[in-house]
Amino acid sequence: MTDGTRPTTAAGQPHIEAATHCPYCALQCGMTLREADGEVAVLPRWFPTNQGGLCQKGWTAAELLDHPDRLTTALLRDPASGELRPASWDAALDRIVTGIRTVQANHGRDAVAVFGGGGLTNEKAYALGKFARVVLRTRHIDYNGRFCMSSAAAAGMRAFGVDRGLPFPLADLGTADTLLLVGANPAETMPPLVRWLTEQRRRGGRLIVVDPRVTATARQADLHLQPLPGTDLAVANALLHIALAEGFVDHSYVAGRTTGFDEVRRAVAEWWPARAEALSGVSVADLETTARALGGARRAIILTARGAEQHAKGVDTVTGYVNLALALGLPGRPGSGYGCLTGQGNGQGGREHGQKADQLPGYRRIDNLADREHVAAIWGVPAEEIPGPGVPAYRLLDSLGTPDGPKALLVFGSNPVVSAPRAARIEGRLRDLDLLVVVDFLRSETAALADVVLPTAQWAEEDGTMTNLEGRVLRRRALRTPPPGVRTDLELLAALATALEQGPGRPAGRDRGPALSPEPAVVFEELRAASAGGLADYAGISWERIDAQEGVFWPCPELDRPDTPRLFADRFSTPDGRARFHAVQHRPAAEQVCATYPLHFTTGRVLAQYQSGTQTRRVPALRRAAPAAFIELHPDVADRLGVADGEPVRVRSRRGELIAPARLSSAIRPDTVFAPFHWGGIARANTVTNDAVDPISGMPEFKICAVRVEKVAAT
């Protein structure tokens with residue numbers, strides 16, 4: 001049963017069930033939760049994306065619901081002792097409201113900022129954007145999804161006129177004759193997706209992986225290209241060069257459905273395979289094999305992920321692969337196309353409805369007058385009252401506490417102390433704030449710095465919607481209510497909005513009732529109206545329709561019309577319906593190796609942990625599977641350093657250092673060092689990473705910087 005009714009087990013004990021989705025990655029696997037005798041169990045549930053499968057993170061997700069570290073009371077920092085101490089909700093809200101009013105009175109409305117997360121439901125992402133712009137009236141809001149797939153989003157917008165991670169259903173992967181994965185390791189980041197890779201190869205398809213490491217996904221590939229980190233764009237341009245030379249370009253498609261190809265043709269003429277080989281280390285033979293596998297396939301799909309995107313040239317790198325897909329005539333063809341593997345659970349929906357600094361709900365632009373007027377009418381405010389664009393996440397975080405930056409920050413569903421690049425610097429910025437408020441259900445490293453910590457509901461305790469990597473809008477269903485003393489994010493935002501609007505400084509003539517509803521169903525109805533007519537149009541999506549269809553693909557403008565599982569069949573979302581080619585050229589990483597820092601450093605994930613590890617590091621089974629951070633070194637590097645497997649080593653960059661045990665592996669290039677980013681403290685990988693950002697997307701260069709490695713002397 002899935003409606004929360006209370007049936008009876010064979011033993012006569014009551015239990016309840018809820019059909020919902022995993023709280024972790026953007027695959028959003030279907031699962032059933034069952035509560036009996038006070039225990040919550042995760043059961044398999046058939047859903048189109050995962051077909052009953054879950055990874056270890058999903059199977060153990062319910063263990064956090066009653067975890068002893070669960071926050072169930074508000075915390076206030078004691079000015080005398082400096083410690084966080086339990087407090088009432090009234091005291092906590094009063095501290096927040098007083099702090100916000102004081103900061104804005106002294107420094108202006110933009111002195112308060114909001115930082116959201118890619119795991120928030122659509123309703124919460126929408127409410128957070130509205131809260132920032134209508135209640136706080138600040139332009140400063142962004143979210144940690146900026147660190148996820150913002151480069152792919154920007155590349156998609158400028159090429160196709162719309163950003164949807166996969167513009168086709170996930171099942172299409174299983175039908176591709178050739179599948180090219182660039183910087184993607186789904187075997188560890190979203191294991192249930194591997195069933196589609198297995199299906200693809202069972203049908204006789206060819207899997208090609210581009211990754212500097214021999215990952216679990218690369219080991220399954222028919223061909224693995226192992227480039228130097230930061231050279232993916234050179235590989236893309238070389239592949240298109242070969243496709244042109246060998247006659248694989250679909251000139252009819254290019255002429256009829258695209259613009260700008262001539263400039264791209266001239267640009268890639270410089271990228272003969274031998275040049276790309278010298279730069280990237282990928283052999284001419286492998287480049288030619290890859291181009292021929294794509295060009296000769298009846299159905300071909302190119303996918304990028306964080307390995308290609310988390311660079312200061314991430315937008316151009318993704319554009320290089322989009323150019324290749326367009327030249328081959330893939331987008332819009334059944335079983336073919338370009339797509340991006342979204343990372344966070346609601347990384348797609350989280351950016352569609354108002355958390356990004358430059359966007360309003362429905363992918364509307366905040367600097368477009370018609371878009372502002374549409375949303376302002378829904379919100380009941382004058383269009384000119386909606387603040388203009390803010391700044392991307394890293395610029396926002398790096399400005400905190402500075403003379404011209406925000407003096408107060410509200411954080412929902414994020415842990416930038418661990419996840420931000422140049423993390424020690426960002427930690428210092430957070431400490432410089434006059435007011436830091438963190439809303440979470442566990443005490444993260446960021447919460448440990450806060451002036452106020454508010455306990456929030458978990459995924460199994462609230463209703464709402466999520467949008468997965470396919471653009472499929474799903475239903476999250478509550479199994480039970482939150483523990484006493486815990487509120488949902490929507491309840492908290494509604495309470496803060498009411499308190500702030502009732503106090504001094506409330507604009508005259510704005511007697512329109514509560515700014516925000518605490519009820520997710522009510523918020524979703526408003527979201528539908530706000531998104532109507534936008535690129536991400538949810539107007540035709542209702543909770544009832546989601547239930548009936550196993551999710552609904554946007555855009556879906558009308559309740560009685562079909563949704564859109566596949567985009568671009570007839571036209572692209574540009575004014576003239578044509579996709580845009582953009583000529584892009586490889587450029588070096590923002591930081592080059594040298595005699596002092598001779599190795600490349602890159603980061604990534606491991607199977608048993610997720611994001612900053614705040615949740616997964618507390619699950620016993622996951623902690624046993626991946627108990628601590630490590631630094632992956634090639635045996636040749638270890639031999640030069642005199643380091644044995646398991647001995648501690650120090651990785652030092654111009655920004656800081658991390659220390660963790662060495663893990664010797666020939667899976668890594670001899671010129672490259674790898675560390676997972678799920679841990680804080682001395683093992684925090686992002687202490688080392690570079691904060692150079694992509695000029696278009698604001699994506700930091702997580703995936704490459706220059707380091708040296710040292711053996712840690714015994715003490």
Side-chain angles (χ1 to χ4, degrees), residues 48-49 152-153 155-180 196 200 203 205 248-261 294-295 297-304 318-319 321-342 348-349 352 362-363 467-473 531-541 545 549-582:
T49 51
M157 290 296 289
R158 74 178 184 177
F160 307 129
V162 70
D163 156 37
R164 198 176 91 183
L166 292 185
F168 45 76
L170 193 64
D172 279 16
L173 302 184
T175 69
D177 298 315
T178 299
L179 178 57
L180 178 66
W196 301 111
Q200 186 248 356
R203 290 172 175 261
F248 293 124
V249 171
D250 187 336
H251 292 286
S252 174
Y253 180 99
V254 168
R257 301 204 60 189
T258 73
T259 63
F261 182 62
L294 289 167
R298 186 172 59 91
R299 296 182 176 211
I301 292 175
I302 299 171
L303 297 180
T304 64
V318 174
T319 297
Y321 288 95
V322 170
N323 286 342
L324 177 61
L326 287 171
L328 297 175
L330 304 181
R333 280 171 39 195
S336 296
Y338 163 80
C340 167
L341 293 178
T342 308
Q348 182 70 54
E352 293 170 3
Y363 267 139
T467 305
N468 79 346
L469 76 173
E470 309 163 291
R472 188 195 302 254
V473 186
S531 72
L535 288 172
D537 191 334
Y538 282 36
I541 303 176
R545 185 172 182 181
Q549 293 185 204
E550 294 180 323
V552 181
F553 292 87
W554 69 261
C556 184
E558 298 178 38
L559 283 169
D560 58 353
R561 298 287 297 275
D563 59 349
T564 317
R566 290 183 177 83
L567 299 175
F568 315 142
D570 302 312
R571 68 186 316 274
F572 293 94
S573 299
T574 56
D576 62 3
R578 291 171 173 260
R580 309 290 197 249
F581 279 96
H582 290 270

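Keep in mind that what you see is a predicted model, and the values were worked out from it rather than measured.
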With sequence neighbours excluded, residues passing side-chain hydrogen bond (donor to acceptor under 3.5 Å, both in side chains) with [X]:
{"X": "D163", "result": "R351, Y363"}
{"X": "T467", "result": "N122, Y538"}
{"X": "R257", "result": "none"}

Could I get the full list of side chain to side chain contact (heavy atoms under 4.5 Å, CB included) partners for R158, not counting sequence neighbours?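 Side chain to side chain contact (heavy atoms under 4.5 Å, CB included) check on R158 returns V315, D316, T319, H582, V584, I696.
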How far does [atom1] of [X] sit from [atom2] of [Y], to the nearest 0.5 angstrom?
{"X": "T342", "Y": "N468", "atom1": "OG1", "atom2": "CG", "value": "8.0 Å"}
{"X": "R566", "Y": "L166", "atom1": "CZ", "atom2": "CG", "value": "11.5 Å"}
{"X": "S531", "Y": "I541", "atom1": "OG", "atom2": "CD1", "value": "7.5 Å"}
{"X": "L326", "Y": "D250", "atom1": "CG", "atom2": "CG", "value": "11.0 Å"}
{"X": "L294", "Y": "L180", "atom1": "CG", "atom2": "CG", "value": "5.5 Å"}
{"X": "Q549", "Y": "R472", "atom1": "CD", "atom2": "CZ", "value": "10.0 Å"}

Which pairs count as side chain to side chain donor-acceptor pair (under 3.5 Å) when at least one residue sits in residues 321-341, sequence neighbours excluded?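 Matches after skipping sequence neighbours: T304-Y338.
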For the side-chain contact (heavy atoms from CB on, under 4.5 Å) test, which of V322, T259, V254 pairs with F581?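 Running side-chain contact (heavy atoms from CB on, under 4.5 Å) over V322, T259, V254 with F581 returns exactly one hit, V254.
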Decide yes or no for L328 and F248: does some side-chain heavy atom of the first lie under 4.5 Å from some side-chain heavy atom of the second?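 Yes - at least one pair of side-chain heavy atoms lies under 4.5 Å apart.
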Residues forming a salt bridge (Lys or Arg N to Asp or Glu O under 4.0 Å) with [X], sequence neighbours excluded:
{"X": "R299", "value": "none"}
{"X": "D576", "value": "R580"}
{"X": "R164", "value": "none"}
{"X": "R203", "value": "E199"}

Please list, one pair per line, the donor and acceptor atoms closer than 3.5 Å that link side chains of residues 556-564 to other protein atoms, with sequence neighbours excluded.
{"unit_1": "D563", "atom_1": "OD2", "unit_2": "F553", "atom_2": "N", "d": "2.9"}
{"unit_1": "T564", "atom_1": "OG1", "unit_2": "P555", "atom_2": "O", "d": "2.7"}

Counterpart residues, ring pair (Phe, Tyr, Trp, His ring centres under 6.0 Å), relative to F572 (two or more places apart):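 Checked F572 against ring pair (Phe, Tyr, Trp, His ring centres under 6.0 Å); matches are F160, F568.
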If the condition is ring pair (Phe, Tyr, Trp, His ring centres under 6.0 Å), which residues does F168 pass it with, not counting sequence neighbours?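 Partners of F168 by the ring pair (Phe, Tyr, Trp, His ring centres under 6.0 Å) criterion come out as none, since no residue qualifies.
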